[in-house]
Amino acid sequence: MCKKPLAQTNYISLRLNFLNPVQSKKMEYKFAEIEPKWQKYWEDNKTFKTEDDFSKPKYYILDMFPYPSGAGLHVGHPEGYTATDIVSRYKRMKGFNVLHPMGYDAFGLPAEQYAIQTGTHPAVTTQKNCDNFRRQIKAIGLSYDWDREINTTDTKYFKWTQWIFKKLYETWFDEEQQKGRPISELVIPQEIQTKGKEAVNEYISGKRLAYYDNAQVWWCDSCKTVCANEEVLTDGSHEKCGHQVLRKNLKQWLLRIPHYGERLLNGLENLDWPEGVKDMQRNWIGKSSGAEVDFEIDGLGKKLRVYTTRPDTLFGATYMVIAPEHDLVNEIVTADKKEAVENYIKVAALKSDLDRTDLAKVKTGEFTGRYAVNPVNKTLIPIWVADYVLLGYGTGAIMAVPAHDTRDFEFAETFDIPIICILDPKDAANREEILAGKACWTEDGVYINSASSKTGLDINGLNKVAGIQKTVEWLEQLGIGKATTNFKLRDWLFSRQRYWGEPFPVIHWEDGEVTLVEDENLPLELPELEEYKPSETGESPLANASDWLIVTDKNGRKGRRETNTMPQWAGSCWYYLRYIDPLNEESIFDVRKERYWMPVDLYIGGAEHAVLHLLYSRFWHKVLFDLGIVSTDEPFQKLFNQGMILAFAYETSTGAKVSSDLVEEKEGKYFHTETGEELRQIVAKMSKSLKNVINPDDVIERYGADALRLYEMFMGPLDERKPWAENGVKGVFNFLARVYRFFGNRENIVEGEEDKELAKLLHQTIQKVELDIGNLKFNTGIAALMVFNNLAIKKGKVAKETAKIFAKILSPYAPHMGEELWSMYGDTETLAYEPWPMVDQSLLTEDTHEYPVSFNGKMRFKIELPMDMEQAEVEKTVLEDPRSEKWLEGKTVRKFIYVPKKIINVAVG
RNA sequence: GCCCGGGUGGCGGAAUUGGUAGACGCGCUGGAUUCAAAAUCCAGUUCCGGCAACGGAGUGCGGGUUCGAUUCCCGCCCCGGGUACCA
């Protein structure tokens with residue numbers, strides 16, 4: 001922020017005005033009195049308590065609930081909250097039963113870190129932070145039903161998170177029906193049953209949506225803690241301490257989300273979501289179709305299975321690659337290559353994911369000494385090990401077609417492997433190069449060199465689509481391949497080695513059996529601890545809670561509770577369902593209430609959740625739907641992302657950032673207070689280091705909640721990123737003060753008929769505000785309200801009816817002001833449920849229109865014409881108008897365009 | 001690299017989706033009020049030329065379609081977000 005203390009001055013003078021009895025007589029806008037008064041009224045009267053009145057049309061409008069950080073609310077939070085609040089208030093006035101709740105996603109690392117440092121229980125920190133958030137949110141005047149507040153760390157809440165986990169554990173996915181079904185309905189194949197109980201259990205485990213297995217995690221040996229992916233920097237060091245992190249294998253819970261890949265993909269079709277978010281989810285799910293093909297390994301009597309999206313290019317396969325971690329590596333590698341390959345695998349294992357991708361532009365690999373037989377032409381092709389092939393995708397092995405795949409091309413060039421072009425790129429500029437194997441071509445073309453007398457397959461002359469089809473049919477007929485689809489989406493690592501999360505309701509018994517805690521014993525609460533540090537072994541701090549940890553069943557068998565806890569996603573995956581019936585102790589929610597309220601009609605939050613939260617939520621919801629627990633296949637009908645609020649920051653000519661307290665403004669330019677150097681104003685994220693963080697509390701103190709709300713909405717389109725500018729707050733504050741001075745002064749409010757021009761504008765404004773709320777275009781709605789206010793002030797007097805309508809249509813944006821004016825006009829009830837004013841269309845229809853008249857597309861003058869005038873008459877009137885003379889001089893009219901209610905354009909030449 | 005967004009006055013941003021480019025707000029300039037300031041009110045404010053009427057240019061750049069393009073098409077440049085060898 002610039003140091004020019006403009007706002008400060010305003011604030012002081014404003015305060016002085018409050019103290020001045022002469023001034024206050026003049027209807028000064030005393031937001032600091034008005035706003036708390038109405039907030040208290042709403043709270044005392046439970047104005048926004050939502051009843052489950054099934055006879056009314058419903059509207060469920062949801063904010064992404066916040067993580068209650070110690071720093072409190074920043075101005076980004078109220079942006080989305082204000083938007084949903086405006087829609088909520090509008091919908092209530094339109095007669096909808098509105099569900100508009102708020103809560104806290106309160107598990108998370110910071111409270112735990114603080115506990116490790118200070119010994120304060122995370123629940124204490126969390127409670128404090130939640131209280132602060134609630135206070136801040138209430139100060140904005142948002143119309144939440146606070147009786148429905150939820151908190152993911154509340155045992156009454158996470159009891160049901162644990163309950164859902166149990167459901168996931170007890171569900172398998174029926175591929176045929178594309179549906180999750182209870183484990184009890186899983187048919188165990190005969191050959192498994194004959195192998196005994198252990199085999200059966202293993203079979204079932206292989207099907208459950210939640211399973212327990214070894215998984216690799218990042219481990220910081222210095223912090224003795226597991227780190228999340230995002231805590232690991234690109235150079236492989238831990239963000240917090242700078243030490244190198246290691247890969248470590250730990251027992252983990254995983255969820256089989258890829259089973260729902262197809263459903264998650266198809267479900268996007270009918271959702272009213274931003275296309276960008278849908279694209280991101282589609283990308284993340286990453287469905288591809290292709291084929292699996294078996295290659296005989298020469299001299300081993302085994303097959304190597306590959307996945308390819310381009311089975312049509314089999315004739316161009318000149319080598320194969322298997323991932324370093326592939327099961328068959330040891331068998332495939334020949335004795336003379338063993339040492340080299342083993343070395344290569346060791347080096348690859350040490351690389352982080354990022355080393356293997358981003359940083360390693362040069363492809364590496366090692367020949368195994370072994371060959372495979374290309375099934376389409378019986379040619380022997382070498383098998384390599386290379387880390388550009390990933391074990392986790394497809395089959396962990398590929399056939400490489402360097403002529404038509406850029407990665408394979410790079411690899412073949414590096415290791416001098418033959419490149420055979422089999423697809424003639426008819427129109428490519430570099431066709432000769434491609435045909436000679438000197439360049440890569442990944443687009444469509446006509447097959448060449450794609451026939452073999454040894455196998456009889458011939459696709460020469462076909463194009464890509466036909467080539468794929470014919471090759472797959474051929475492979476399937478011979479039983480050496482089949483059409484397959486694949487997903488990039490991986491199993492979801494669903495456990496953390498943390499204290500402050502939901503405990504898994506799981507017991508591992510000494511005999512190897514795993515059981516779940518009975519429903520009647522839920523919630524399984526967290527034990528009290530003295531020490532929140534993770535254990536030496538990498539287990540969560542829960543491993544230290546011996547009383548809690550060890551259990552004994554009625555037969556004396558000993559068991560150990562699961563020490564992992566659930567990730568923060570767990571609580572946020574289903575919170576929108578609990579708002580429906582938050583106090584229900586008997587069940588997760590009342591079925592009738594769920595049927596009434598779901599789906600969420602409008603969901604607003606940050607784009608940072610475009611993929612993970614929304615995908616995980618949809619996954620859980622679909623499972624619950626399959627089990628008949630919820631009534632809709634998708635949870636969120638309409639989604640909208642608010643853009644990030646940024647702040648101005650300053651940098652020197654060399655790009656060095658300058659903290660905002662060292663910047664002063666002089667005549668629109670910015671200078672360093674110490675060096676005097678001229679600085680450039682830029683837009684950046686708010687940060688402590690730049691000292692440009694805006695706290696909503698300060699804004700409310702200086703300008704009031706209504707001004708904060710209005711400015712957040714007036715800044716620009718809701719979905720765009722935009723910089724905070726204090727002068728902008730001043731602008732909307734001035735508007736509110738003008739409204740109050742005019743509409744709050746009884747002398748200006750008169751009985752009787754409204755002025756015609758003002759009445760027309762009023763109804764245009766109602767229409768505009770209504771339309772803009774529907775389209776979430778709040779900035780232009782506010783502009784319309786300002787235009788109306790300006791005209792009303794110009795007119796000097798308004799009819800009481802006009803003033804009442806204006807108070808109503810202003811109230812979703814500035815609810816305190818709305819209520820204050822409403823009560824001044826004599827009403828004793830809140831206006832929150834007053835019917836939204838009807839637009840009087842008769843006032844809006846016009847019988848004349850002012851047309852802009854253009855000559856060759858350039859506007860020259862305006863002319864008022866009756867709406868029903870015939871084209872010929874319009875033409876005559878316009879061309880005979882004296883103002884046309886100048887533009888027609890020496891020219892002939894070639895064309896006369898008349899678009900009713902729009903424009904008149906004369907083409908001359 | 002690929003996939004999405006986005007480039008409009010001094011600034012935040014409007015433009016009924018092909019029809020008056022710059023609504024509304026900030027800032028700035030001038031005036032009224034005031035002992036003075038703040039606040040308030042009035043007028044002006046895309047740029048260039050002109051006292052003005054008015055004229056010319058103008059929505060990142062270069063082409064195109066059209067009576068008419070910020071909007072549609074083709075080719076570039078810049079900024080932001082997502083993603084990372086997915087075979």
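Naming convention: chains lettered A, B, ... in sequence-line order (proteins, then strands); numbering from 1 in each chain. Owing to the predicted nature of the structure, the values given are computational and were not obtained by experimental measurement.
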Undergrad: Can you check B/rG9 for me, syn or anti if syn means within 90° of 0?
TA: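 Glycosidic conformation of B/rG9: syn.
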Undergrad: Do the side-chain N or O atoms of A/Asn789 get closer than 4.0 angstrom to the phosphate oxygens (OP1, OP2) of B/rC24?
TA: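 So the side chain of A/Asn789 is outside the cut-off, no N or O lying under 4.0 Å from OP1 or OP2 of B/rC24.
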Undergrad: Using heavy-atom distances to pick each residue's nearest nucleotide on RNA chain B, tell me which of A/Lys858 and A/Tyr711 is more 5'.
TA: A/Tyr711
Undergrad: Between A/Leu879 and A/Ser884, what is the shortest heavy-atom contact and its length?
TA: O-CB, 3.9 Å
Undergrad: For A/Asn486, which contact category applies under a 4.0 Å heavy-atom criterion: base, sugar-phosphate, or nothing?
TA: nothing
Undergrad: Distance check needed: B/rC42 P versus A/Ile793 CD1, whole Å only.
TA: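 The distance from CD1 of A/Ile793 to P of B/rC42 comes to 8 Å, rounded to the nearest Å.
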Undergrad: With rounding to the nearest 0.5 Å, note down the distance linking NZ in A/Lys901 to OH in A/Tyr851.
TA: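 If we round to the nearest 0.5 Å, A/Lys901:NZ and A/Tyr851:OH are 8.5 Å apart.
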Undergrad: Please output the side-chain donor-acceptor pairs of residues 707-717 of chain A that fall under 3.5 Å, not counting sequence neighbours, one pair per line with the distance.
TA:
unit_1   : atom_1 : unit_2   : atom_2 : d
A/Arg709 : NE     : A/Tyr813 : O      : 2.8
A/Arg709 : NH1    : A/Asp85  : OD2    : 2.9
A/Arg709 : NH1    : A/Ile140 : O      : 3.4
A/Arg709 : NH1    : A/Gly141 : O      : 3.0
A/Arg709 : NH2    : A/Asp85  : OD2    : 2.9
A/Arg709 : NH2    : A/Pro812 : O      : 2.8
A/Tyr711 : OH     : A/Ala725 : N      : 3.0
A/Tyr711 : OH     : A/Ala725 : O      : 3.4
A/Glu712 : OE1    : A/Glu79  : N      : 3.2

Undergrad: Just N and O in the side chain of A/Lys901: are any of them under 4.0 Å from OP1 or OP2 of B/rG19?
TA: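 The answer is no; no side-chain N or O of A/Lys901 sits under 4.0 Å from OP1 or OP2.
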Undergrad: If you round to the nearest 0.5 Å, how far is CG of A/Asn692 from NZ of A/Lys685?
TA: 12.5 Å
Undergrad: Name all residues meeting the salt bridge (Lys or Arg N to Asp or Glu O under 4.0 Å) criterion together with A/Lys777; count only those two or more places apart in sequence or in a different chain, and write none if there are none.
TA: none
Undergrad: OP1 or OP2 of B/rA39 sitting under 4.0 Å from any side-chain N/O of A/Arg741?
TA: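 For B/rA39, neither OP1 nor OP2 has a side-chain N or O of A/Arg741 closer than 4.0 Å.
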Undergrad: Categorize A/Val787 for me: base, sugar-phosphate, or nothing, with a 4.0 angstrom heavy-atom threshold over every strand shown.
TA: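 Contact class for A/Val787: sugar-phosphate only.
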Undergrad: Would you mind classifying the nucleic acid contact of A/Arg721 as base, sugar-phosphate or nothing, using non-hydrogen atoms under 4.0 angstrom?
TA: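 Sugar-phosphate: the residue A/Arg721, judged by heavy atoms under 4.0 Å, touches backbone atoms but no base.
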Undergrad: Indicate the ring-plane relationship of A/Phe411 and A/Phe415, choosing parallel, tilted or perpendicular according to the 30° and 60° boundaries.
TA: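 Ring orientation, 0 to 90° scale: tilted.
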Undergrad: Reckon A/Met786 touches a base, only the sugar-phosphate, or nothing at all at heavy-atom distances under 4.0 Å?
TA: sugar-phosphate
Undergrad: Count the heavy atoms of every other residue, nucleotide or ligand shown that sit under 6.0 Å from NZ of A/Lys795, and state whether that count exceeds 12.
TA: yes
Undergrad: Mind checking the C1' distance from B/rG64 to B/rA14? Whole angstroms is fine.
TA: 28 Å
Undergrad: Tell me whether the side-chain N/O atoms of A/Arg738 come closer than 4.0 Å to OP1 or OP2 in B/rC41.
TA: yes
Undergrad: What is the nucleic acid contact for A/Gly286, judged by heavy atoms within less than 4.0 Å: base, sugar-phosphate only, or nothing?
TA: nothing
Undergrad: If you compare every side-chain N and O of A/Thr406 against the phosphate oxygens of B/rC85 (OP1, OP2), does one of them come in below 4.0 Å?
TA: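 Answer no for this pair, as no side-chain N or O of A/Thr406 is under 4.0 Å from OP1 or OP2.
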Undergrad: Using the C1' atoms only, state how far B/rU71 lies from B/rU66, rounded to an integer number of Å.
TA: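 Here B/rU66 and B/rU71 have their C1' atoms 13 Å from each other.
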Undergrad: OP1, OP2 of B/rG56 versus side-chain N and O of A/Arg860: anything below 4.0 Å?
TA: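 Indeed, a polar side-chain atom of A/Arg860 lies that close.
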Undergrad: In Å, rounded to the nearest 0.5 Å, how long is the span from CD of A/Glu875 to CD1 of A/Ile897?
TA: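 A/Glu875 CD to A/Ile897 CD1: 10.0 Å, rounded to 0.5 Å.
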Undergrad: What interatomic distance, in whole Å, is found between P of B/rA37 and the corresponding atom of B/rC28?
TA: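 Each nucleotide's P atom is 16 Å from the other's.
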Undergrad: Between the protein and nucleotides 62-67 of chain B, are there any N/O to N/O pairs under 3.5 Å, and if so, what are the atom names and distances?
TA:
unit_1 : atom_1 : unit_2   : atom_2 : d
B/rC67 : OP1    : A/Lys895 : NZ     : 3.3
B/rC67 : O2'    : A/Asn905 : ND2    : 3.3
B/rC67 : O2     : A/Asn905 : ND2    : 2.6

Undergrad: Measuring to OP1 and OP2 of B/rC41, would you say a side-chain N or O of A/Lys794 lies under 4.0 angstrom away?
TA: no
Undergrad: How is A/Lys886 classified with respect to the nucleic acid when contacts are heavy atoms under 4.0 Å: base, sugar-phosphate, or nothing?
TA: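 Since only primed, P, OP1 and OP2 atoms lie under 4.0 Å of A/Lys886, the category is sugar-phosphate.
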Undergrad: Heavy-atom count check: over 12 atoms from other residues, nucleotides or ligands less than 6.0 Å from A/Met869 CE?
TA: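 Check passes, neighbour count above 12.
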Undergrad: Looking at CG of A/Leu264 and CD of A/Gln281, how far apart are the two atoms once the value is rounded to the nearest 0.5 Å?
TA: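 With rounding to 0.5 Å, CG (A/Leu264) is 7.5 Å from CD (A/Gln281).
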Undergrad: Between A/His404 and A/Trp441, is there a donor-acceptor pair closer than 3.5 Å when you use the side chain of the first and the backbone of the second?
TA: yes
Undergrad: Taking Watson-Crick and G-U wobble pairs with both distances under 3.5 Å, convert RNA chain B into its dot-bracket string, 5' to 3', dots for unpaired and | for cross-strand pairs.
TA: (((((((..(((......[....)))((((((.......))))))((((....))))..(((((..]....))))))))))))....
Undergrad: Does A/Asn734 place a side-chain N or O at less than 4.0 Å from the phosphate oxygens OP1/OP2 of B/rU40?
TA: yes
Undergrad: Between A/Met280 and A/Met715, which has a closest nucleotide on RNA chain B that is more 5'?
TA: A/Met715
Undergrad: Round to the nearest Å and state the distance from A/Leu646 atom CG to B/rG5 atom P.
TA: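 These atoms are roughly 20 Å apart.
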Undergrad: Which donor-acceptor pairs under 3.5 Å do side chains of residues 283-295 of chain A form with protein atoms, sequence neighbours excluded?
TA:
unit_1   : atom_1 : unit_2   : atom_2 : d
A/Lys287 : NZ     : A/Glu262 : OE1    : 3.2
A/Lys287 : NZ     : A/Glu262 : OE2    : 2.8
A/Ser288 : OG     : A/Tyr307 : OH     : 2.7
A/Ser288 : OG     : A/Tyr393 : OH     : 3.1
A/Asp294 : OD1    : A/Arg305 : NE     : 2.8
A/Asp294 : OD2    : A/Arg305 : NH2    : 3.3

Undergrad: Could you tell me how far B/rC3 sits from B/rU8 if I compare only their C1' atoms? Round to whole Å.
TA: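 These two C1' atoms come out 26 Å apart once rounded.
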Undergrad: Using a 4.0 Å heavy-atom cut-off across all strands, classify A/Trp273 as base, sugar-phosphate, or nothing.
TA: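 Nothing, no heavy atom under 4.0 Å.
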Undergrad: Determine the interatomic distance between P on B/rA15 and the same-named atom on B/rA87; round to the nearest Å.
TA: 41 Å
Undergrad: For B/rC67 and B/rU29, measure between their P atoms and round to the nearest Å.
TA: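 Looking at atom P only, B/rC67 and B/rU29 are 47 Å apart.
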Undergrad: Give A/Arg490 one of three labels, base, sugar-phosphate or nothing, depending on what nucleic acid heavy atoms sit under 4.0 Å from its own.
TA: base
Undergrad: Is the backbone N or O of A/Asp444 less than 3.5 Å from a side-chain atom of A/Lys464, with the two atoms forming a donor-acceptor pair by type?
TA: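 No; judged by distance alone, with no hydrogens or angles, the pair does not exist.
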Undergrad: Under a 3.5 Å threshold, yes or no: a donor from one side chain and an acceptor from the other, between A/Tyr29 and A/Asn734?
TA: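 No pair is found: no donor N or O on one side chain lies under 3.5 Å from an acceptor on the other.
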Undergrad: Go through B/rG13, B/rC11, B/rU83 for me and flag the one nearest to the A/Lys722 side chain.
TA: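 Within the option list, the nearest is B/rG13.
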Undergrad: Rounding to the closest angstrom, what is the interatomic distance between B/rG10 and B/rU34 at atom C1'?
TA: 31 Å
Undergrad: Scan nucleotides 14-18 of chain B against the protein and return all N/O pairs shorter than 3.5 Å with their distances rounded to 0.1 Å.
TA:
unit_1 : atom_1 : unit_2   : atom_2 : d
B/rA14 : OP1    : A/Asn779 : ND2    : 2.9
B/rA15 : OP1    : A/Lys777 : NZ     : 3.2

Undergrad: Suppose you measure atom C1' in B/rA69 against the same atom in B/rU20; what distance do you get, rounded to whole Å?
TA: 14 Å
